[in-house]
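Input: a single structure, listed below in structure tokens.
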Amino acid sequence: MRAVRAFLLMILAAAAARAAGRVGVAAAANLTYVLEPLDAAFARARPDVAVVPTLGSSGNLLAQIRNGAPFDLFLSADMDFPRKLIAAGGAEASSLRVFAIGKLALWTTRPEVGLESIAGAVRSARVRRLAVANPRTAPYGRAALEVLAKLGLSELAGPKLVTGENVTQAAEFVSTGNADAGFVALSLLLAPRLRGQGRWIEVPASLYSPIEQGAVLTRRGGANPAARSYLEFLSGPEAREIFGRFGYARP
């Protein structure tokens with residue numbers, strides 16, 4: 001009887017393993033600290049699904065997907081990169097949606113740097129190095145350059161700029177003292193790891209185009225029910241509450 005019971009348990013375990021899903025998520029770097037509570041919430045509803053995230057700049061993740069990286073879902077910091085993937089035949093057009101709207105902040109860990117205004121901080125002689133994400137691949141970096149242009153500070157700020165591969169690396173430049181200040185995603189500053197470090201000022205939304213963050217199922221993900229389930233979860237009330245906690249606005 002024990003042998004039969006062990007055999008049955010082995011069969012049930014194998015069936016459970018087959019039923020379990022896996023979702024490979026390519027996620028923009030601004031989501032670094034948001035994914036953990038999101039995935040934990042999703043796991044409570046779908047414990048049979050393993051979510052495997054990979055973080056990076058949206059442009060670099062797009063390149064990886066185009067080159068065959070096994071991602072089911074692309075969470076970009078903008079809508080342009082998912083649309084490019086759709087145009088190239090690498091994603092399911094009907095699945096495209098805005099899942100959150102990001103916010104930009106100017107952050108410093110140096111007490112001598114004043115943050116009375118965005119323009120004043122950028123002009124300050126105490127800000128010799130100003131961190132931004134790579135504007136070619138990171139929408140938050142593109143937004144930062146748009147802010148500087150609207151304030152008429154592009155030329156002045158140019159020699160000060162230090163560019164991170166993505167917005168998380170731009171934040172690392174500030175946290176490690178390799179930059180005196182930096183334009184970063186507000187979501188990073190509201191995360192437990194960075195909350196309370198230094199000072200920040202939110203950049204007025206009028207100074208840059210809305211950072212509409214887009215989610216889309218890749219061609220591979222379109223055939224994965226677990227990926228579709230995770231995409232639907234991102235639009236639900238629990239996910240929206242988590243996004244709000246990290247400073248994102250609702251679509």
Side-chain angles (χ1 to χ4, degrees), residues 12-58 60-62 64-65 69-79 81-83 85-86 90-103 139-140 166-168 171 185-195 211-251:
L12 288 172
R18 286 194 298 271
R22 179 188 182 281
V23 182
V25 179
N30 69 91
L31 298 169
T32 295
Y33 303 120
V34 189
L35 283 178
E36 185 177 347
L38 279 175
D39 293 348
F42 181 72
R44 287 193 289 272
R46 292 294 307 270
D48 58 317
V49 176
V51 179
V52 183
T54 297
L55 292 150
S57 66
S58 299
N60 286 341
L61 292 171
L62 171 63
Q64 290 179 41
I65 296 169
F71 296 125
D72 301 293
L73 190 61
F74 180 27
L75 304 183
S76 174
D78 70 0
M79 295 293 282
F81 288 121
R83 286 179 179 133
L85 187 61
I86 291 169
E92 185 180 288
S94 62
S95 69
L96 180 63
R97 65 192 65 185
V98 179
F99 65 89
I101 297 176
K103 297 179 183 179
Y140 280 84
N166 52 57
V167 74
T168 302
L186 178 60
S187 60
L188 300 177
L189 305 180
L190 294 181
R193 183 170 177 268
L194 294 180
R195 187 183 298 143
I211 304 176
E212 294 182 322
Q213 307 218 187
V216 69
L217 288 169
T218 65
R219 186 166 52 192
R220 167 194 171 100
N224 183 348
R228 200 172 294 277
S229 179
Y230 190 84
L231 179 63
E232 293 302 320
F233 162 77
L234 290 178
S235 300
E238 195 167 8
R240 290 188 184 278
E241 187 277 327
I242 294 169
F243 282 124
R245 201 191 313 159
F246 283 84
Y248 292 93
R250 291 190 177 191

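Atom set for the values below is all heavy atoms of this structure, side chains included, hydrogens, waters and symmetry mates excluded. Since the structure is predicted, the reported quantities are computational estimates derived from the model, not experimental observations.
Screening Leu75, Thr168, Val25 for a side chain to side chain contact (heavy atoms under 4.5 Å, CB included) involving Leu31 leaves a single residue, Leu75.
More than 12 heavy-atom neighbours from other residues, nucleotides or ligands sit within 6.0 angstrom of CZ on Arg240.
Annotation: side chain of Val52 is in contact with side chain of Arg22 (closest heavy-atom distance under 4.5 Å). Counting heavy atoms from C-beta outward, Arg195 and Leu189 have side chains that stay 4.5 Å or more apart. The shortest distance between side-chain heavy atoms of Ser235 and Arg97 falls below 4.5 Å.
Listed for the Thr218 side chain is no donor-acceptor partner under 3.5 Å among the backbone atoms of Ala91. At least one donor-acceptor pair closer than 3.5 Å links the side chain of Asp72 to the backbone N or O of Gly24. No donor-acceptor distance shorter than 3.5 angstrom exists from the side chain of Ser76 to the backbone of Phe81, with no hydrogens or angles considered.
Qualifying salt bridge (charged side-chain N to carboxylate O under 4.0 Å, His left out) partners for Arg44, counting only residues two or more places apart in sequence or in other chains: Glu238.
Using cut-offs of 30° and 60° for the angle between ring planes, the Phe243 and Tyr248 rings count as perpendicular.
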> Given the rule in the side-chain contact (heavy atoms from CB on, under 4.5 Å) test, do Leu73 and Leu217 qualify, once you have shown the distances and angles that lead to the verdict?
Replying inline: CA-CA 5 Å; Leu73 190 61; Leu217 288 169; 3.8 Å; yes

>> Run Asp78 and Gln213 through side-chain contact (heavy atoms from CB on, under 4.5 Å) and show every step you take.
In response: CA-CA 4 Å; Asp78 70 0; Gln213 307 218 187; over 6 Å; no

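Looking at every heavy atom in both residues, Gly102 comes nearest to Tyr140 through CA-OH, 3.1 Å.
Atom CE of Met79 is separated from atom CD1 of Ile86 by 7.5 Å, given to the nearest 0.5 angstrom.
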Return a table of donor-acceptor pairs under 3.5 angstrom between the side chains of residues 33-42 and protein atoms on other chains or two or more places apart.
from: Tyr33; atom 1: OH; to: Arg193; atom 2: NH1; distance (Å): 2.7
from: Asp39; atom 1: OD1; to: Tyr230; atom 2: OH; distance (Å): 2.6

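Checked for salt-bridge contact, Glu232 and Arg228 miss the test: no charged N lies under 4.0 Å from a carboxylate O.
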